[in-house]
Amino acid sequence: MTVFEHKGKLLIVDCGVLFPEETQPGINVILPDFSSIRDRLQDIEAIVLTHGHEDHIGGVPYLLRERKDIPIIGSKLTLAFVTAKLEEHRITPRLIEVKEGQRRKAGPFDLEFLAVNHSIPDGLAVAIRTEAGLVLVTGDFKMDQFPLDNRLTDLPGFARLGEEGVDLFMTDSTNAEVPGFTVTEEDIRPAIDAVFRTAPRRIIVSSFASHVHRIQQVIDAAARHNRKVAFVGRSMVRNMGIAEKLGFLQVPKGLIVDVKAFDRMKDDKVVLICTGSQGEPMAALARMANREHVIKIGEGDTVLLASSLIPGNENSIYRVINGLTRWGANVVHKGNAKVHVSGHASAGELVYCYNIVKPKNVIPYHGEWRHLKANADLAIRTGIPEDQVLIVEDGVVVDLVDGLAKVTGRVAAELVFVHGMTVGGGGSEEALADRVQLANDGAVTILGILDTRTGLLTEPVEFIARGFVQDNEWIQGATKSIDDALRAANKVKIVNGAELEDIFTQSLTRWMQRKYRRIPVITSVVVDA
Ligand SMILES: [Zn+2]
């Protein structure tokens, strides 16, 4: 989420989510921190969405919960995807549909939209003109010269803006470390065809539910090889329905069937398209790998993972591939066939853009730190002064004044966790820390019964452990550490229950740290006799 401010008004560009890593157990998604704009919701003129990927639209329902009528500006497909998402949250949005080539005002922001090509159709870059200067935000993009929809990234538009004078250029950094140019989507057609030509039985394709062009390739191949197609998975069925209805997906009549019809059809006449290409445990593909799905994978089935392998998901994906191959499937993926191309511009494309946009200032954005750094280095190599290339983290405030961009401050930008129905709230960082500690070291509860007159326990403390192995040595050592601490405290004064709970927790923590070098989550409960 990027927030622009001019004359006291705000413009938000994209509002996405992050997905949790293995170190963040129990988290569904991670939201941007709205706290710095929470007091200024009425100043927001609009949210501009560059494209329909989760990491650009996933946070919108949560922002709209805070103010429902913020206008959302985006292309037809982007708005359709975000509307479907908002329906699940029972929110009816205020939508403003725009197309490439259009200009429109949002308060003091004069917006112009330019076509960009990406791994989802209908992406837009946005140029923002204000009295402070002209900012060009690319969104996610690449420069595929043979896109399936013939909708090219608007390089003439980029060049025209460059002539006008771009004061700040914010550009996709994801593939800045990759030399050369990202190859065209068309290039993977032969590999997909080879799969269809040689697969002896069923073909199961897994891809992102938003990658309309990749699914189009599979549908085209199915039509060429006389196979019927069924979609499986809620997001896949929903998104492909939307894409077809809006004309972004061309489906020959009669090609799509319900998966139930597969029972009556020959195995070499069907293709199943599902989600789960990132190894998500609840998705159809992982359930097939575990034999928990109605589709029972068997000898001769071919599984095609027509997708990227997002860093961090490797273990889950390989677990799924192992499961599928164990049941006899032949698994084709980007590691053994050319069945995926990236949706992001490589270094060559980024340099090309710097040379035609000729920006005064650059903020490399969208990527991890190493990607931002690589993108910054490219900008500097094209002659942009080093001081005018700003690598900034979430929360950093940049001012654009008199054609000069400068870091001038910082606002709160915590990770806001969504777990189940709970969004953020106090202590969500601590709750996650507890969860990791529970996973690593388990939990121990100490129970004591106190005689308030003497300050002594009426009987030895009891320990209740979870996810933690107690042996006799541990119980003896733990009991002794508690007894010692109680005696030491009573030398000074008679203690009460609440004090005693603290003493128990602290002494057991110290003892375990010393002896075992690990600390479970320790809770003490003391009741009066
Ligand atoms: Zn994207």
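Order of listing sets the numbers, starting from 1, for every ligand and every atom in it. Since the structure is predicted, the reported quantities are computational estimates derived from the model, not experimental observations.
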Colleague: Here's a test for you: under side-chain hydrogen bond (donor to acceptor under 3.5 Å, both in side chains), which of His53, Lys142, His344 qualifies with His118?
Modeller: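 By the side-chain hydrogen bond (donor to acceptor under 3.5 Å, both in side chains) criterion, His118 pairs with just one of His53, Lys142, His344: His53.
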Colleague: What's within reach of the Zn ion (ligand 1), meaning protein N/O/S atoms under 2.8 Å?
Modeller: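 His51 NE2, His53 ND1, His118 NE2, Asp140 OD2, with waters left out.
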Colleague: Name every donor-acceptor pair, under 3.5 Å, that has one atom in a side chain of residues 242-249 and the other anywhere in the protein, sequence neighbours excluded.
Modeller:
none

Colleague: Name every donor-acceptor pair, under 3.5 Å, that has one atom in a side chain of residues 274-284 and the other anywhere in the protein, sequence neighbours excluded.
Modeller:
residue : atom : partner : partner atom : Å
Ser277  : OG   : Ser307  : OG           : 3.3
Gln278  : OE1  : Ile310  : N            : 3.0
Gln278  : OE1  : Asn313  : ND2          : 3.0
Gln278  : NE2  : Ser308  : O            : 2.7
Glu280  : OE1  : Gln278  : N            : 3.0

Colleague: Which residue pairs satisfy the ring-ring contact (aromatic ring centres under 6.0 Å, His included) criterion with at least one member in residues 133-188, sequence neighbours excluded?
Modeller: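 Residue pairs passing ring-ring contact (aromatic ring centres under 6.0 Å, His included), neighbours aside: Phe169-Tyr354.
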Colleague: So, His56 and His366: side-chain donor and acceptor under 3.5 Å apart, yes or no?
Modeller: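 Side chains of His56 and His366: pair found under 3.5 Å.
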Colleague: Is the distance between the ring centroids of His51 and Phe81 under 6.0 Å?
Modeller: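 No - the distance between ring centres of His51 and Phe81 does not fall below the 6.0 Å cut-off.
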